[in-house]
Amino acid sequence: MDQERQKEQEHFDQTIALLKENVEEYKRREKALKEESDDLYAAVTKGGQRELYNQLAASYSIYEHMKNTVRKNETALSKPYFGRIDYLDIEQNTFYSLYIGKNGISKAQEVIIVDWRAPVSSVYYENEMGEGSYEVPLKEKTVKIPIDLRRKRTYDTEHGELLGYYDNDIASNDDLLVKYLAKNKDAVLGDIIATIQKEQNEIIRDNPFKNLIVQGVAGSGKTTVAMHRISHILYNYEKRIHPSEFCIIGSSDMLLSYITSGLPELDVSNVRYMRMDEMFQYLLDKQWKKTFKGIRNQQEEQYKSHLAFIQELDSFLGEYREELLPPKEVTDQELGVILSGDNIRTTIDLSSDMSLTELSKLLNERISSRIVFLIDPEYKEEIREKKKEYRRYFDPLKNRDTGVKLYVKFLKTYEAENRDSGVCFSETLENIRKNRFDVYDQAALVLIHKRLTAKAPMDEFSQIIVDEGQDFGETVYYVLKKVLTGCYFTIMGDVSQNINYETGMNTWEHLESFLFDRQNDRFCTLLKSYRNTIEISDYAGKVLKNASEGLYTIEPVIRHGRPVEVIMETEDSIAARTEALIEEIKSRGHLTIAVICREEAEAKVVGEKLKYSTENSQTEEKGFHNGVMVLSVSQTKGLEFDAVILWKPDEEHYGSNPKEAKLLYVAITRALHELYLVSVKPVDLEYQKV
């Protein structure tokens, strides 16, 4: 063993020994804290003094923190660190050698392993040898620390052993990444802390006080980057942003279950997550009644999902507000002019974000203040009577249409004005009559609520993260932006994977136009795919050109695997051949296998044919899991599997047009290691030909 290797082994062994000491010490403290909390709980339940409640809360909080500290140290025993940076702090003229790991580890106030989220850790992910800098976010500004990087070293560790290490200049080219990508996929969103690439790191560490749109090709790590971004923000801005201010929005329960499965390992808890329709129902609060039902109305969503529709509704509501609250002066026979028309107009103009209800309340308060000003303070009874007289002077919504009734009125107006363009809302109006609303109806109701009846600003969230953002139309983003004022959005998506072709995003242009309103708002691209083997990426590339109109191309990481295989069978033999194929795949140790069908109805039929499906496959509501799953293309959005079997990907199931190409592209790119196309008819779609 050479001297350098021996030094590294000694440091590794010392670190493992220190971690074991930490675990032993922290477990002892954890046990003592648990006993203290239990004693306090027993005292409280027996009717102890009130101050014991506060003591119990504090004790339990310290106990939970200690549990988390034990978990971090135990986790680090397997892989204590993955990187090291040696650099000179130019301003301080001080040399540092830091080891970087998934969890920050200390001993007696000394930092032994630097947390990957710490500002200095960005040096490992982004800097090349020589002079450079890293940024430290402070309360009001960001400070750059100039450095001279002398060494960047990567470690390969597993099960508490140092397998090897090497010095590298650019982390994205290392062998560790390919080794990581070659692993089988467990049914949990994996962390990429040891292998974060420069372009991913820039997004993860970007300032949280801005809007981001991230266009990333399939397998570029969009979802994982978003979750690591949450972890990074909470670590570095813990005094300014609370976990409860985050909300992750997805299109399905399965996707949300998959996304959030990896958050505990990233030290993230108490963030909220909802489907897009659930978010609008949440924002409607009591206005969303138990009798209302969420539905899909794809035929008419093509009108309601686009910017023109929701902007027209906003204009309609603006005119309605002006009609109900004209800037007409308030005059009293005894007092004269209480509020001038100009004063009211100025108040309205300066309070455009307020609902009509909030605005009315503000103007009524202005009247009350003016009455106090205009009447001599000695005449208290007069003041009281006059204030009572004008208490609800502004009450514009009394006996006026709001909510659903007003939305119906708008739909009929919009339909009449755009009939020549083929706009028809007959199905929507019939569904509304039955209390059934699609996501765009719900968004429209939220905007109406915001403009007219909301009693307070909706400032509960400050960070919204939307995954698979291309599957939603412009309407939902327009409403979220207007309603969640002061909120910052991170939109992750890929227009090549838009499975809702008529309603979702086929370009980000319109979204940028109204989402971006700050100088530092950013549009980012992730073009390198880390998911698929070269063989699968090449096959997907045949479809991508038609799916994205050539806008975005995949840059695959060089990782070879089995060739993509097309298997032709008869109708009688296809199920048996698929079952045999699944057994072959399982024998190679793969943990997650998906049989992907074009539609949900077909997936249910195929599920009944395959013996694995009855006991192992799950519906969307039950979530992502290890084993075999039979799913539709739409159910697989955002997920990935060790092996994918496409069921009958022929021209009858997937037509040769951009809409169908996007669906096929999504299905193909779910596969990490192996891809099979099992069919009865020829698989020769126009866009599959090279």
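FYI, the numbering just counts along the sequence from 1.
- The two residues Ile348 and Leu325 come nearest to each other via the heavy atoms CD1-O, 3.7 Å.
- A side-chain donor from one of Glu126 and Asn201 sits under 3.5 Å from a side-chain acceptor of the other.
- Asp467 and Lys222 are not joined by a salt bridge, as no carboxylate oxygen comes within less than 4.0 angstrom of a charged side-chain nitrogen.
- Asp471 and Asn500 share no donor-acceptor pair across their side chains, judged by distance under 3.5 Å alone.
- We find that Arg229 and Asp206 are not joined by a salt bridge, their nearest charged nitrogen and carboxylate oxygen being 4.0 Å or further apart.
- For the residue pair Asp441 / Tyr407, a side-chain donor-acceptor distance below 3.5 Å is found, with atom types taken as modelled.
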Pair up each side-chain donor or acceptor in residues 387-403 with any protein partner under 3.5 Å, not counting sequence neighbours, and list the distances.
residue	atom	partner	partner atom	Å
Tyr390	OH	Asp332	OD1	2.7
Arg400	NH2	Glu323	OE2	3.0
Asp401	OD2	Lys409	NZ	3.1

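- Note: Phe209 and Tyr237 meet the aromatic proximity criterion, with ring centroids under 6.0 Å apart.
- For the residue pair Ser59 and Ser37, a side-chain donor N or O sits within less than 3.5 Å of a side-chain acceptor on the partner.
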Table please: side-chain donor-acceptor pairs of residues 238-247 below 3.5 Å, with sequence neighbours left out.
residue	atom	partner	partner atom	Å
Arg240	NH1	Lys139	O	2.9
His242	ND1	Ser244	N	3.1
His242	ND1	Ser244	OG	2.9
Glu245	OE1	Ser462	OG	2.6
Glu245	OE2	His242	N	3.1

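- Proximity of a side-chain donor or acceptor of Gln311 to a complementary backbone N or O of His306 within less than 3.5 Å is not detected.
- In this structure a side-chain-to-backbone donor-acceptor pair under 3.5 Å is present from Arg370 to Ile338.
- When side chains are defined from C-beta on, Ile295 does not count as touching Phe437, because their heavy atoms never get closer than 4.5 Å.
- Looking at Tyr282 and Glu460, their side chains do bring a donor and an acceptor atom within 3.5 Å of each other.
- Using a 4.5 Å cut-off on side-chain heavy atoms (C-beta onward), Leu411 and Ile432 make contact.
- Counted by atom type alone, Glu358 and Ser355 present one or more donor-acceptor pairs between their side chains at under 3.5 Å.
- Taking 4.0 Å as the cut-off between side-chain N and carboxylate O, Asp267 and Arg117 count as a salt-bridged pair.
- Between the Asp494 side chain and the Glu468 main chain, no donor and acceptor come within less than 3.5 Å of each other.
- Under the salt bridge (charged side-chain N to carboxylate O under 4.0 Å, His left out) rule, Asp314 has a single partner from Lys481, Lys450, Arg451, which is Arg451.
- In terms of the salt bridge (charged side-chain N to carboxylate O under 4.0 Å, His left out) criterion, residue partners of Arg384 (sequence neighbours excluded) are, by chain and number, Glu381.
- Remark: the backbone N or O of Ile192 is paired with a side-chain donor or acceptor of His228 at under 3.5 angstrom.
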What verdict does the side-chain hydrogen bond (donor to acceptor under 3.5 Å, both in side chains) test give for Ser252 and Gln635, after you've listed the backbone C-alpha separation in whole Å, the side-chain angles of each residue and the deciding distance to 0.1 Å? CA-CA 8 Å; Ser252 70; Gln635 288 175 314; over 6 Å; no
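- Counting all heavy atoms, side chain and backbone alike, Phe472 lies closest to Val476 at CB-CG2, 3.6 Å.
- For Ser305 and Glu474, the side-chain atoms include no donor-acceptor pair closer than 3.5 Å.
- Residues Glu301 and Gln299 have side chains that never bring a donor and an acceptor to within less than 3.5 angstrom of each other.
- At a threshold of 4.0 Å, the pair Lys102-Glu265 counts as salt-bridged, since one of the basic side-chain nitrogens sits closer than that to a carboxylate oxygen.
- With no hydrogens or angles considered, a side-chain donor-acceptor pair links Thr428 and Glu300 at under 3.5 Å.
- Checked for salt-bridge contact, Glu415 and Lys412 miss the test: no charged N lies under 4.0 Å from a carboxylate O.
- Put simply, the side chain of Met279 reaches to within 4.5 Å of the side chain of Phe461, judged on heavy atoms.
- Results of the ring pair (Phe, Tyr, Trp, His ring centres under 6.0 Å) test with Phe309 over Tyr440, Tyr303, Tyr414 single out Tyr414 as the only residue that passes.
- Between Tyr60 and Tyr63, the ring planes lie tilted relative to each other; the angle falls in the 30° to 60° range.
- The backbone N or O of Glu509 sits less than 3.5 Å from a side-chain atom of Thr507, completing a donor-acceptor pair.
- Taking the six-membered ring where tryptophan is involved, the planes of Tyr125 and Trp116 are perpendicular, since the angle between them exceeds 60° and thus also 30°.
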